Trainee: 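Here it is: the structure, laid out below.
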Amino acid sequence: QVQLVESGGGSVQAGGSLRLSCAASGYTYCMGWFRQAPGMERKAVARIYTSLGTTYYADSVKGRFTISRDNAKNTVYLQMNSLKPEDTAMYYCAAATRPWCTWSTSDYPYWGQGTQVTVSS
């Protein structure tokens with residue numbers, strides 16, 4: 001079992017920045033950030049292979065968001081810049097320990113509790 005603890009959400013004006021953190025209690029093969037707006041399905045934002053550092057981004061956040069990791073702390077970060085009102089959502093950290101991670105939520109057996117990000121215009 002891997003427990004994930006997220007932090008760093010909040011409210012910001014459009015164009016601002018926030019950094020989310022996700023601390024894992026154990027080994028992970030890859031970790032991802034997903035977001036879910038009210039009434040919408042949960043969608044992938046970014047993912048990272050924790051050993052290699054390889055990263056992937058959804059088209060909607062490319063060039064604005066950066067996912068990174070600190071393996072010594074078992075922590076993954078999501079730096080969000082140039083935030084837009086459409087980025088408003090609950091953001092969830094997810095982790096997988098098996099060597100198979102895609103954009104599908106079903107690839108990730110471990111989830112954090114979520115942290116709210118609100119961007120006002």
Side-chain angles (χ1 to χ4, degrees):
Q1 287 285 347
V2 176
Q3 293 183 333
L4 304 174
V5 178
E6 300 145 344
S7 60
S11 297
V12 66
Q13 289 192 328
S17 298
L18 286 172
R19 189 176 83 152
L20 307 182
S21 299
C22 176
S25 63
Y27 167 79
T28 62
Y29 183 81
C30 63
M31 295 180 72
W33 287 98
F34 292 74
R35 65 187 181 187
Q36 188 170 20
M40 305 293 285
E41 65 179 7
R42 194 170 296 188
K43 293 183 177 180
V45 173
R47 72 181 193 269
I48 185 168
Y49 289 85
T50 52
S51 292
L52 296 175
T54 309
T55 58
Y56 300 88
Y57 298 93
D59 287 343
S60 58
V61 306
K62 277 182 184 176
R64 300 188 298 122
F65 290 12
T66 303
I67 188 170
S68 61
R69 92 287 192 209
D70 183 336
N71 288 341
K73 296 181 179 179
N74 269 359
T75 299
V76 168
Y77 305 97
L78 186 68
Q79 178 67 43
M80 305 185 294
N81 298 329
S82 302
L83 282 161
K84 304 176 181 180
E86 51 263 44
D87 294 318
T88 296
M90 185 72 78
Y91 282 70
Y92 296 90
C93 175
T97 56
R98 293 179 295 179
W100 182 253
C101 314
T102 66
W103 290 125
S104 173
T105 56
S106 62
D107 289 343
Y108 301 84
Y110 308 107
W111 291 83
Q113 79 282 2
T115 185
Q116 179 68 38
V117 171
T118 302
V119 184
S120 59
S121 58

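The structure presented is a predicted model; accordingly, all values stated were derived computationally and were not measured.
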Trainee: Looking only at heavy atoms, what is the nearest atom pair of Leu20 and Gly9, with distance?
Mentor: CD2-N, 3.6 Å

Trainee: Looking at residues at least two apart in the chain, or sitting in another chain, which of them share a side-chain hydrogen bond (donor to acceptor under 3.5 Å, both in side chains) with Asp87?
Mentor: Arg35, Arg64

Trainee: Same cluster for Tyr91 and Ile48 if Ile/Leu/Val/Met/Phe/Trp/Tyr side chains link at under 4.5 Å?
Mentor: yes

Trainee: Are any non-hydrogen side-chain atoms of Leu78 and Arg19 less than 4.5 angstrom apart?
Mentor: no

Trainee: Are the side chains of Glu86 and Thr88 in contact, using a 4.5 Å heavy-atom criterion?
Mentor: no

Trainee: Contact between Ile67 and Tyr57 at the side-chain level, heavy atoms closer than 4.5 Å - yes or no?
Mentor: yes

Trainee: Could you grab the distance from atom OH of Tyr108 to atom CZ of Arg42, nearest 0.5 Å is fine?
Mentor: 12.5 Å

Trainee: Between Asn71 (side chain only) and Thr50 (backbone N and O only), is there a donor and an acceptor less than 3.5 Å apart?
Mentor: yes

Trainee: Quick one, Tyr77 and Asp70 - any side-chain contact, counting heavy atoms below 4.5 Å?
Mentor: yes

Trainee: Would you give the length of the straight line joining atom OG of Ser17 to atom CD of Gln79, rounded to the nearest 0.5 angstrom?
Mentor: 5.5 Å

Trainee: For the backbone of Gln3 and the side chain of Ser25, can you confirm whether one donor and one acceptor N or O come within less than 3.5 Å of each other?
Mentor: yes

Trainee: Could you check whether any side-chain N or O of Gln113 sits under 3.5 Å from a backbone N or O of Glu6, counting only pairs where one atom can act as donor and the other as acceptor?
Mentor: yes

Trainee: Mind checking whether Tyr49 and Tyr29 have parallel, tilted or perpendicular rings, split at 30° and 60°?
Mentor: perpendicular

Trainee: Please tell me if the side chains of Arg47 and Trp103 come closer than 4.5 Å, counting only heavy atoms from C-beta onward.
Mentor: yes

Trainee: Are side-chain heavy atoms of Lys43 and Gln36 found at a separation under 4.5 Å?
Mentor: no

Trainee: If we only count heavy atoms from C-beta on, is the Phe34 to Trp111 side-chain gap below 4.5 Å?
Mentor: yes

Trainee: Do Tyr92 and Thr115 have side chains that approach each other closer than 4.5 Å (heavy atoms only, starting at C-beta)?
Mentor: no

Trainee: We want to know whether Thr102 and Ser104 form a side-chain donor-acceptor pair, criterion being a heavy-atom distance below 3.5 angstrom.
Mentor: no

Trainee: Which pair of heavy atoms, one from Ala44 and one from Ala58, lies closest together, and at what distance?
Mentor: O-CB, 3.5 Å

Trainee: Do Val45 and Val12 belong together in a cluster built from hydrophobic side chains that touch within less than 4.5 Å?
Mentor: yes

